[in-house]
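A quick write-up on the structure given underneath.
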There are 2 protein chains.
Amino acid sequence: MARRSSEVTMGDIARMANVSESTVSRALSGSTLVAEKTRDRILEIARNADFAINEQARNLALRQTRTIEVIFPIERGTLQQVSDPFFVDMLAVLTDELGKHGYDVLMSRSPPWDEERPGCAFLGARADGVIFVGQGRHRSAIRDFARRHASVVAWGAVSADDDYCVIGSDNVGGGRLATEHMLKLGRKRIAFLGDTDLPEMRQRFEGYKQVLASYDIPLDEDLVIHTPFDIEKAREVTKPFVELFPRYDGIFACSDMIAMAAIANLRQAGIAVPDDVSVVGFDDIPSSAHVSPPITTVHQRIRHGGKVMVEKLIGILGGEAQEPEILKTELIIRQSCGARVATPS
Amino acid sequence: MARRSSEVTMGDIARMANVSESTVSRALSGSTLVAEKTRDRILEIARNADFAINEQARNLALRQTRTIEVIFPIERGTLQQVSDPFFVDMLAVLTDELGKHGYDVLMSRSPPWDEERPGCAFLGARADGVIFVGQGRHRSAIRDFARRHASVVAWGAVSADDDYCVIGSDNVGGGRLATEHMLKLGRKRIAFLGDTDLPEMRQRFEGYKQVLASYDIPLDEDLVIHTPFDIEKAREVTKPFVELFPRYDGIFACSDMIAMAAIANLRQAGIAVPDDVSVVGFDDIPSSAHVSPPITTVHQRIRHGGKVMVEKLIGILGGEAQEPEILKTELIIRQSCGARVATPS
DNA sequence: CGTCATTTTGCAAGCGCTTGCATTCACCCC
DNA sequence: GGGGTGAATGCAAGCGCTTGCAAAATGACG
């Protein structure tokens with residue numbers, strides 16, 4: 001890396017070893033076409049010379065990139081949003097899984113199409129495929145992109161009309177699990193905290209509404225609070241909401257972070273969780289089990305999801321069409337909604 | 001991306017536009033050497049043909065990669081460790097900052113030297129420089145790597161004998177701040193929770209010891225608990241530790257996650273925070289302000305740190321040597337150590 | 001010692017792009 | 001209309017690597 005100008009090339013090694021470049025190439029790539037003795041000698045020389053193969057040239061010759069671009073389409077500035085542990089987990093899994101298949105991971109925070117690369121107005125093809133971790137508000141752009149550039153999978157809200165491969169949790173089901181759980185515990189007036197502009201949140205909201213309907217509970221618009229992801233902002237937004245108590249006795253928060261923010265405000269206002277109000281979150285982030293009270297939450301199978309995305313992408317690269325997939329979610333019952341459960345383990 | 005086989009090249013565009021490849025190249029790169037009319041025509045054609053420049057070829061010709069490898073040297077399997085929001089924050093900043101300078105980010109979870117790329121025994125030079133986010137247990141390997149491959153900066157414990165550019169928080173100072181704060185509140189017997197095998201934790205421990213010494217408090221080895229990062233494991237490890245109460249009346253936890261785990265166990269055992277025991281964490285993760293009780297913690301300037309790393313690396317790439325830098329830390333006082341402070345804003 | 005089958009090696013073309021230099025073109029002026 | 005000028009274009013080499021194919025070396029064998 002670096003020091004590129006003075007980098008030693010295969011030609012140099014060839015000269016040192018008194019063989020042709022091709023032989024060096026073959027020796028380094030472990031071809032059987034080169035005598036063992038020669039190979040060892042070349043390897044030795046290469047090692048001593050600190051030779052590092054130029055992967056760009058290699059990939060160019062091989063017509064591959066062995067790189068997958070992973071895009072986290074997150075508005076800049078809203079750093080906090082990223083802090084959601086979801087992203088790290090996902091990134092870690094993707095990196096591992098892609099690594100197993102021999103792919104490198106190129107990170108991006110913005111989608112390729114709004115990239116203003118100086119001096120080049122064109123979308124650079126720098127990867128064999130693209131994974132969108134979240135579709136945010138640009139579904140149609142992704143769709144367009146997928147149509148033009150084929151190998152794409154995305155994480156997010158799966159819907160019937162996707163024309164590219166989307167993998168995502170069963171958000172509707174998760175919303176149902178959360179809401180129904182509280183109703184079964186005897187809660188009557190469940191509030192919803194989340195940003196329904198985002199497709200996944202909308203699905204969770206959908207599950208929430210479905211359950212209310214099936215219990216013949218009318219939707220109370222005042223209990224639907226548009227709450228951003230960022231925990232600081234969520235804290236602010238839910239502050240006035242707390243005042244509405246006792247119009248609600250249960251809260252379905254679209255993420256554990258939001259749940260935490262709400263709980264903090266409730267406690268501060270002297271409202272007890274879970275005694276006065278039950279709270280259910282979403283995500284099952286690592287700390288959710290260890291805060292007070294431990295948060296009941298909907299678990300998303302992120303690791304699994306990451307693996308599935310990679311598998312599908314590899315499939316697509318191999319030329320096979322791939323179906324979208326919806327991953328089951330699971331309710332993790334903890335104290336915050338009134339369960340008599342002791343703290344875990 | 002993908003569909004590489006059928007990808008349209010500059011040659012194709014040239015043929016379509018009835019000009020030479022060079023003209024296409026110049027047109028796309030916005031050179032003034034091509035007539036405006038021609039340029040527009042070529043751009044139009046390229047757009048319609050869904051042309052995407054092959055960056056590998058481009059970079060090869062330009063003898064650059066415009067890529068920085070960002071390495072999170074994290075043991076595989078211990079995914080949870082990654083969940084530390086620190087990593088996402090850092091990654092986000094690095095991606096943004098490098099992006100501003102026109103660099104892409106290549107993610108890695110393992111250092112280049114233990115990479116077993118099939119068919120190639122050699123360290124591939126695939127980036128102009130490398131950023132290590134954390135040095136973990138392989139300082140000497142990094143040092144070696146830096147010596148051979150020049151452009152390297154690392155985040156971590158800064159020590160006098162570094163021979164490559166290390167940026168990191170003032171961990172010793174942070175440890176002092178945390179410990180001294182509790183002593184000043186009247187606590188006498190402060191426990192230390194953390195993994196002193198890790199250089200940064202060792203430095204925090206160092207600060208802790210310094211303060212104890214300056215207060216003439218002997219170090220009680222039983223109150224130094226080797227606690228891993230992972231919150232689940234931390235929970236287990238600190239469980240027996242809780243029993244030692246009331247041998248301690250304060251806890252300095254090496255990370256907020258550990259602090260959370262400890263607090264959870266304390267409360268479960270009926271020990272009150274901060275009334276019976278003060279707790280100070282480290283990191284100032286987003287949720288630390290919103291849990292109960294809000295955690296007093298040492299803030300690391302991660303965003304700033306990321307920026308500094310990028311600046312230094314750019315400097316190094318430009319041929320200038322760069323000094324290591326230690327970033328000030330700051331104590332954020334919240335309720336968990338007994339401060340009379342209300343919850344924040 | 002010559003033959004022939006097997007290794008080993010080297011040659012050269014090619015991956016898709018950039019760029020210095022030569023060439024062509026259009027236009028202007030005397 | 002010829003010569004000169006500057007702008008626009010094309011040619012060809014080269015970036016560092018791979019690989020099909022031909023050439024050379026090796027060794028077995030009659």
Side-chain angles (χ1 to χ4, degrees), chain A residues 1 3-15 17-42 46 49 51-66 117-128, chain B residues 1 3-42 46 49 51-66 117 119-128:
Chain A
M1 331 236 158
R3 224 174 35 189
R4 302 208 66 70
S5 39
S6 64
E7 206 82 71
V8 25
T9 75
M10 278 200 183
D12 301 332
I13 304 293
R15 223 161 298 123
N18 244 305
V19 294
S20 73
E21 222 174 301
S22 356
T23 304
V24 175
S25 169
R26 286 194 267 257
L28 295 185
S29 68
S31 156
T32 57
L33 265 62
V34 44
E36 199 164 337
K37 246 180 59 186
T38 329
R39 192 214 325 284
D40 291 348
R41 191 161 51 88
I42 294 179
F51 171 74
I53 202 171
N54 180 326
E55 299 213 7
Q56 292 201 111
R58 176 166 202 267
N59 286 335
L60 179 58
L62 292 175
R63 271 154 234 99
Q64 56 168 24
T65 69
R66 295 263 93 189
R117 322 200 98 228
C120 175
F122 290 84
L123 166 60
R126 51 189 183 176
D128 293 336
Chain B
M1 332 238 161
R3 223 175 36 189
R4 302 206 67 70
S5 38
S6 64
E7 207 81 75
V8 26
T9 75
M10 278 199 182
D12 300 332
I13 304 293
R15 225 160 297 124
M16 297 188 212
N18 244 306
V19 294
S20 73
E21 223 174 297
S22 355
T23 305
V24 176
S25 169
R26 285 194 267 257
L28 294 185
S29 69
S31 156
T32 58
L33 265 63
V34 43
E36 199 164 337
K37 245 181 57 186
T38 329
R39 192 213 327 282
D40 291 348
R41 193 161 50 88
I42 294 178
F51 172 74
I53 202 172
N54 181 324
E55 299 214 5
Q56 294 200 111
R58 175 166 203 265
N59 285 334
L60 178 58
L62 293 173
R63 272 157 232 94
Q64 56 168 23
T65 69
R66 295 263 95 185
R117 323 201 96 229
C120 176
F122 289 84
L123 167 61
R126 50 188 185 178
D128 293 337

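The sequence lines fix the lettering, A, B, ..., with proteins before strands; numbering per chain opens at 1.
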(request) Compare side-chain N and O positions of A:Arg58 against OP1 and OP2 of D:dT18 and report whether any pair is under 4.0 Å apart. (result) yes
Expressed in angstrom and rounded to an integer, what is the separation of [X] atom [atom1] from [N] atom [atom2]?
X: B:Gln56; N: C:dC17; atom1: CD; atom2: P; result: 11 Å
X: B:Met10; N: C:dC15; atom1: CE; atom2: P; result: 15 Å
X: B:Asn54; N: C:dG14; atom1: CG; atom2: C1'; result: 14 Å
X: B:Ile53; N: C:dC15; atom1: CD1; atom2: C1'; result: 14 Å
X: B:Asn59; N: C:dC15; atom1: CG; atom2: P; result: 19 Å
X: A:Arg63; N: C:dA13; atom1: CZ; atom2: P; result: 16 Å
X: A:Arg15; N: D:dC17; atom1: CZ; atom2: P; result: 11 Å
X: A:Glu36; N: D:dT26; atom1: CD; atom2: P; result: 17 Å

(message) Mind checking if B:Leu62 touches a base, just sugar-phosphate, or nothing, with heavy atoms under 4.0 Å?
(response) sugar-phosphate
Show every donor-acceptor pair shorter than 3.5 Å between a side-chain atom in residues 18-26 of chain B and any protein atom, with sequence neighbours excluded, or say none if there are none.
{"residue": "B:Ser20", "atom": "OG", "partner": "B:Ser22", "partner atom": "N", "Å": "3.4"}
{"residue": "B:Ser20", "atom": "OG", "partner": "B:Ser22", "partner atom": "OG", "Å": "3.3"}
{"residue": "B:Ser20", "atom": "OG", "partner": "B:Thr23", "partner atom": "N", "Å": "3.3"}
{"residue": "B:Ser20", "atom": "OG", "partner": "B:Thr23", "partner atom": "OG1", "Å": "3.1"}

(message) Based on the rotation axes of five pairs at each end, what angle does the helix from C:dC1-D:dG30 to C:dC30-D:dG1 bend through, to 10°?
(response) 60°
(request) State the CG-CZ distance between A:Asp128 and A:Arg63, to the nearest 0.5 angstrom. (result) 13.0 Å
(request) First locate atom CD of A:Glu55, then atom CG of A:Leu60, and finally report the distance between them rounded to the nearest 0.5 Å. (result) 13.0 Å
(request) Kindly indicate, with the supporting measurements, whether the criterion side chain to side chain contact (heavy atoms under 4.5 Å, CB included) is fulfilled by B:Glu36 and B:Asp40. (result) CA-CA 6 Å; B:Glu36 199 164 337; B:Asp40 291 348; 4.2 Å; yes
(request) Identify the two heavy atoms, one from B:Ala49 and one from B:Ile13, that lie closest to each other, and give their separation to 0.1 Å. (result) CB-CD1, 3.9 Å
(message) Quick check: on DNA chain D, is the nucleotide nearest B:Thr38 upstream (toward 5') of the one nearest B:Leu60, or the reverse? Name the residue that is more 5'.
(response) B:Thr38
(message) Could you check whether any side-chain heavy atom of B:Asp12 comes within less than 4.5 Å of a side-chain heavy atom of B:Phe51, counting everything from C-beta outward?
(response) no
(message) Within the structure provided, determine whether A:Met10 and A:Asn54 are in side-chain contact (heavy-atom separation under 4.5 Å).
(response) no
(message) Quick check on contacts: within residues 17-26 of chain B, what sits under 4.0 Å from DNA chain C by heavy-atom distance?
(response) B:Glu21, B:Ser22, B:Ser25, B:Arg26
(message) Any side-chain to backbone donor/acceptor pair from B:Gln56 onto B:Thr65? Under 3.5 Å, distance only.
(response) no
